[in-house]
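Chain identifiers are assigned alphabetically (A, B, ...) following the order of the sequence lines, protein sequences preceding nucleic acid strands; residue numbering begins at 1 within each chain.
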There are 2 protein chains.
Amino acid sequence: MPINALSGTKNKGVIKSISSTTFRDGMASLPGAVNIVTTDGVQGQAGFTATAVCSVSDNPPTLLVCLNRRASVHNVFSISTSLVINTLTPEQQHLSNLFGGKANMTERFSSAQWETLVTGSPVLKGAAVSFDCKITNLMSVATHDVIFCEVVAIKQQEQAGALLYFQRQYRELVNTQKDSAS
Amino acid sequence: MPINALSGTKNKGVIKSISSTTFRDGMASLPGAVNIVTTDGVQGQAGFTATAVCSVSDNPPTLLVCLNRRASVHNVFSISTSLVINTLTPEQQHLSNLFGGKANMTERFSSAQWETLVTGSPVLKGAAVSFDCKITNLMSVATHDVIFCEVVAIKQQEQAGALLYFQRQYRELVNTQKDSAS
């Protein structure tokens, strides 16, 4: 990958034939919060790690999450009516690996503590924030389904830091409001 | 807002009646990269600041960005065929304020340097990464339009840090790969 795009040569850092790899290389420069998205449908509990989570609207409060249709959990989520987006703290990095790997659902869910709020989908104890959501719409785009959902309950630790993924590494973001908020 | 959700009392930190305000309070715990999204349509150049940017697929390389239909720039983007998502470095924080405020488009664009890649939409010089995109689809969800776009060119500074918005403050993420990449 070209670097030093600003060092003088006009075309340095510019790629015009965008493969999956060059796209992923580019996305490495765009940091994302790490979330575990969970549901509890007729096929039981399921969950996966996602950075592709995005706020859509505050009226009604709406989020979206993108899920690969080839993911092992896709079937469960595609027929579910609710999900929870759990935003991880730095201390929960091991759960990101677990829910992003090959572990089965029993292993994944037995590695943390859970509760429920309104919908009954699993809320991760200790998450920075958990958005308990009703799924309202689903749109297939390229390889993924974009799942739109309305937030019906929130559990938040205002003092929590955040876990990020940036340049293919986990990073921690300390909450500088921690002292003043206590 | 409740804090210390884990300090013992079962319902602390839980909110079940979700107003716009409580949703925004919850979203403050989910850090987001700061981007300036630009276009150059028949009505001229337009740009706005967005954290609601999300990767959808790497095949074809697809991103989405959410735009309030009441935003001053909505008309321009709604009839445009291309846009650029420019992910900001910490040094570009002033541009986030400018493109997220009330300044007119002339003021906004005269405050930075621009170039073009494939589509002709404005690429911000010095951005951490710029995704030059064709707009492929648009979906109205609640108050916003979700704009889907396919990436046709990328300009990247692999050594750049990132500008984040977290707990209603700007934060900087240093690129720890800077030394090894040079």
Side chain, backbone, both or neither: which part of [X] has a non-hydrogen atom closer than 4.5 Å to chain B?
X        : result
A:Val151 : both
A:Val53  : both
A:Leu67  : neither
A:Gln169 : side chain
A:Thr87  : side chain
A:Asp132 : neither
A:Leu88  : neither
A:Asn35  : side chain
A:Ser19  : backbone
A:Ala52  : both

Okay, side chain of [X], backbone of [Y]: is any donor-acceptor separation there less than 3.5 Å?
X        : Y        : value
A:Ser130 : A:Lys155 : no
A:Gln92  : A:Thr89  : yes
A:Arg171 : A:Phe166 : no
A:His144 : B:Val56  : yes

Quiz item: In terms of heavy-atom proximity below 4.5 Å to chain A, should B:Val141 be classed as side chain, backbone, both, or neither?
Solution: both

Quiz item: Tell me, side chain or backbone of B:Asp145 under 4.5 Å from chain A's heavy atoms, or both, or neither?
Solution: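 Answer is neither: B:Asp145 stays 4.5 Å or more from chain A.
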
Quiz item: If you measure from CZ on B:Arg24 to OG1 on B:Thr21, what distance do you get to the nearest 0.5 Å?
Solution: 8.0 Å

Self-check item: Spacing of B:Leu164 atom CG and A:Leu164 atom CG [to the nearest 0.5 Å]
Solution: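 Those atoms lie 5.5 Å apart.
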
Quiz prompt | Greatest number of heavy atom pairs closer than 4.5 Å to chain B - which of A:Gly161, A:Ala28, A:Pro31, A:Ala162 | solution = A:Pro31

Quiz item: Taking C-beta and beyond as the side chain, do B:Arg70 and B:Thr143 meet within less than 4.5 Å on heavy atoms?
Solution: no

Quiz prompt | A:Glu107 atom CD: more than 12 heavy-atom contacts under 6.0 Å | solution = yes

Exercise. Take atom CZ of B:Arg168 as the centre, draw a 6.0 Å sphere, and report whether it contains more than 12 heavy atoms from other residues, nucleotides or ligands.
Key: yes

Self-check item: Option in B:Cys66, B:Pro61, B:Gly32, B:Ala33 with maximal non-hydrogen atom pairs under 4.5 Å from chain A
Solution: B:Pro61

